[in-house]
Amino acid sequence: MIKLLAVDMDGTCLDRRSRMTDATLEALRKAAGRGVIIVPTTGRNLECIPHRLAAGTLFTTGAMDEKKNRDLFRYVISSNGACVTDIRERKEIFRAPVPADDVLPLLRECGKLRLGIASHIRHRYLLEGRFLTMAGRLVYGKDARGVCCVRSMEEFIRKGGYKVEEFQFYFFSPGAEQDVRSVLEKYPDLRAAYTGIYVEVYSKDASKGRALAELARHLNIRKEEIACIGDGENDLSMFEAAGLRIAMGNAVEDLKKQADHVTDSNARDGAAKAVEWILKR
């Protein structure tokens with residue numbers, strides 16, 4: 001019997017336009033109504049989880065989904081596993097920030113390159129400069145509750161002494177990706193996940209799988225009682241921590257190869273279909 005369902009957000013629960021559909025929400029509500037613990041598991045920071053999912057449970061009020069979502073979820077895995085948060089108690093169950101000794105040296109080195117700099121700090125999404133902040137708000141749209149602008153990321157972190165959940169470096173020039181790769185080779189305690197336009201940098205101790213295992217231990221739930229749904233390379237570790245593994249139709253091939261079941265794509269409500277498949281087993 002599945003007791004916990006970990007679900008990725010972008011590329012899984014969200015469609016190609018970053019929207020959470022009615023079918024996906026209803027399927028998650030149905031599972032929660034049957035006693036399954038729903039755990040949003042995302043590379044996003046906590047305050048930028050999808051607004052339709054957050055309505056009535058976290059930072060939003062008065063939204064049309066508020067009453068229906070009130071008991072939908074309690075725990076969130078965010079920033080690629082750097083944090084596990086109990087939003088009801090407002091406390092962290094697990095945290096694996098970027099090592100403090102690496103934060104400022106990394107920023108100084110990356111500051112010499114032509115990069116856009118962003119970070120996840122205290123569950124918020126901080127971006128350096130107005131241009132990047134405007135772009136972040138445009139991309140996240142209604143999900144941009146946690147987007148904030150800072151003039152200098154290095155100065156902000158140094159003065160505040162903040163712990164960093166994750167860095168993101170955006171490639172603004174040809175060769176920027178290779179330059180960042182060269183810099184990161186000097187930091188063995190960091191892990192990097194690359195896309196075509198940016199890289200996510202976080203502690204080697206942070207992963208969705210590690211976070212999911214820590215939450216399961218906290219809740220006394222066994223691996224075989226955990227199901228997960230994902231689409232990307234950062235979901236591979238989550239597959240290792242779950243007994244039932246489902247890949248989206250649009251997932252990377254490595255994930256599909258390790259999956260127990262492959263559902264439809266995120267353009268065809270694949271996550272909703274996967275939840276229904278779990279409930280029928």
Side-chain angles (χ1 to χ4, degrees), residues 5-16 18 39-46 48-50 76-84 94 96-98 106 115-116 118-120 125 139-140 164-171 176-185 187-216 223 226-267 270-271 274:
L5 172 60
V7 285
D8 174 54
M9 294 289 105
D10 293 274
T12 300
C13 284
L14 305 186
D15 65 16
R16 292 175 181 173
S18 295
V39 182
T41 306
T42 180
R44 296 186 179 199
N45 57 295
L46 181 60
C48 285
I49 64 172
V76 180
I77 294 172
S78 59
S79 299
N80 281 307
C83 297
V84 181
F94 171 75
V98 174
L106 178 64
L115 301 169
S119 67
H120 296 181
Y125 188 36
V139 169
Y140 278 101
V164 178
E165 297 148 22
E166 176 182 303
F167 281 118
Q168 292 177 351
F169 298 111
Y170 289 83
F171 310 136
E177 178 178 343
Q178 187 54 52
D179 290 340
V180 173
R181 287 183 183 272
S182 297
V183 168
L184 290 176
E185 288 177 358
Y187 295 87
D189 291 330
L190 300 180
R191 179 177 294 165
Y194 290 85
T195 73
I197 60 172
Y198 68 92
V199 58
E200 297 173 314
V201 180
Y202 40 94
S203 168
K204 69 177 184 180
D205 295 325
S207 71
K208 289 185 178 182
R210 169 83 183 274
L212 181 55
E214 293 291 342
L215 176 59
K223 179 178 179 178
I226 300 172
C228 67
I229 311 172
D231 75 300
E233 290 184 3
N234 63 348
D235 296 318
L236 285 167
S237 65
M238 184 167 68
F239 269 34
E240 296 174 4
L244 182 61
R245 301 164 294 188
I246 302 171
M248 297 292 293
N250 54 287
V252 297
E253 287 304 313
D254 282 350
L255 208 67
K256 290 181 179 180
K257 290 177 182 178
Q258 295 188 30
D260 299 301
H261 177 70
V262 178
T263 185
D264 217 330
S265 75
N266 65 329

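What you see is a predicted model; the values in this text were computed from it and never measured.
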### Message
Do V262 and I246 make a side-chain contact, defined as non-hydrogen atoms from C-beta onward lying under 4.5 Å apart?
### Response
no
#### Entry: Verdict with supporting geometry, S18 and D10, side-chain contact (heavy atoms from CB on, under 4.5 Å)
CA-CA 7 Å; S18 295; D10 293 274; 4.2 Å; yes
### Query
If you look only at pairs with a residue in residues 251-261, which of them pass as a salt bridge (Lys or Arg N to Asp or Glu O under 4.0 Å), with sequence neighbours excluded?
R245-D260, E253-K256
#### Entry: S207 side chain near R191 side chain, heavy-atom distance below 4.5 Å
yes
### Message
Less than 6.0 angstrom separating the ring centers of F169 and F171, yes or no?
### Response
no
### Message
Among residues at least two apart in sequence or on other chains, which ones pass salt bridge (charged side-chain N to carboxylate O under 4.0 Å, His left out) with K204?
### Response
D189
### Query
Residues in side chain to side chain donor-acceptor pair (under 3.5 Å) with D179, at least two apart?
none
#### Entry: E233 CD: over 12 foreign heavy atoms closer than 6.0 Å
no
### Summary
Sorted by chain and residue number, the salt bridge (charged side-chain N to carboxylate O under 4.0 Å, His left out) partners of D8 (sequence neighbours excluded) come out as K208
### Query
Closest approach of T12 and N266, non-hydrogen atoms and distance?
O-CB, 3.9 Å
### Step-by-step side-chain contact (heavy atoms from CB on, under 4.5 Å) determination, D231 to V252
CA-CA 6 Å; D231 75 300; V252 297; over 6 Å; no
### Query
Heavy-atom distance under 4.5 Å between the side chains of L212 and I226, does that happen here?
yes
### Message
Which residues pass the side chain to side chain donor-acceptor pair (under 3.5 Å) test with Y202, not counting sequence neighbours?
### Response
none
### Partners passing ring-ring contact (aromatic ring centres under 6.0 Å, His included) against Y170 (at least two apart in sequence or in another chain)
Y198
#### Entry: From OG (S79) to CZ (R44), nearest 0.5 Å
12.0 Å
### Message
Suppose we screen for side-chain contact (heavy atoms from CB on, under 4.5 Å). Which residues come up paired with V183, at least two apart in sequence or across chains?
### Response
L106, E109, C110, L113, Y187
### Task
Mind checking the CG-CG spacing from D205 to L190? Nearest 0.5 Å is all I need.
10.0 Å
### Query
Are any of the side-chain heavy atoms of F94 and R210 separated by less than 4.5 Å?
yes
### Message
With heavy-atom distances below 4.5 Å as the criterion, would you say the side chains of P50 and M9 are in contact?
### Response
yes
### Query
Is the closest side-chain heavy-atom distance between V180 and L115 below 4.5 Å?
yes
### Task
Test side-chain contact (heavy atoms from CB on, under 4.5 Å) on I229 and M248 and set out the steps.
CA-CA 7 Å; I229 311 172; M248 297 292 293; 3.8 Å; yes
### Message
Considering only residues two or more places apart or on different chains, which pairs with a residue in residues 229-264 satisfy ring pair (Phe, Tyr, Trp, His ring centres under 6.0 Å)?
### Response
H261-W277
### Query
Closest heavy-atom contact between G209 and A241?
O-CB, 3.6 Å
### Message
Once side chain to side chain donor-acceptor pair (under 3.5 Å) is applied, do any residues pair with E177, and if so which ones, sequence neighbours excluded?
### Response
R181
### Task
For residues S265 and R16, report the shortest heavy-atom separation together with the two atoms involved.
OG-NH2, 4.4 Å
### Task
For T41, check side chain to side chain donor-acceptor pair (under 3.5 Å) against everything at least two apart and list the hits.
none
### Query
Which heavy-atom pair separates G11 from N250 by the least distance, and what is that distance?
O-ND2, 2.9 Å
### Summary
salt bridge (charged side-chain N to carboxylate O under 4.0 Å, His left out) filter on D15, not counting sequence neighbours, yields R19
### Message
Using modelled atom types and a 3.5 Å cut-off, is there a donor and acceptor pairing between side-chain atoms of T263 and backbone atoms of G270?
### Response
yes
### Task
Measure the spacing between OG of S78 and CD of E165 and express it to the nearest 0.5 Å.
6.0 Å
### Query
Is there a side-chain contact between L236 and L255, using heavy atoms and a 4.5 Å cut-off?
yes
#### Entry: Contacts of type salt bridge (charged side-chain N to carboxylate O under 4.0 Å, His left out), residue E200, not counting sequence neighbours
none
### Message
If you define the side chain from C-beta out and look only at heavy atoms, does anything of V98 sit under 4.5 Å from E166?
### Response
no
### Task
Compare every heavy atom of P97 with every heavy atom of S203, then report the nearest pair and how far apart it is.
CB-O, 3.2 Å
### Task
In sequence, state the C-alpha distance, the side-chain angles, and the governing distance for L184 and V201, and then conclude on side-chain contact (heavy atoms from CB on, under 4.5 Å).
CA-CA 9 Å; L184 290 176; V201 180; 3.9 Å; yes
### Query
Can you tell me how far NE2 of H120 sits from SG of C83, rounded to the nearest 0.5 angstrom?
10.0 Å
### Task
Of all the heavy-atom pairs spanning A242 and A227, show the shortest one and how long it is.
CB-C, 4.3 Å
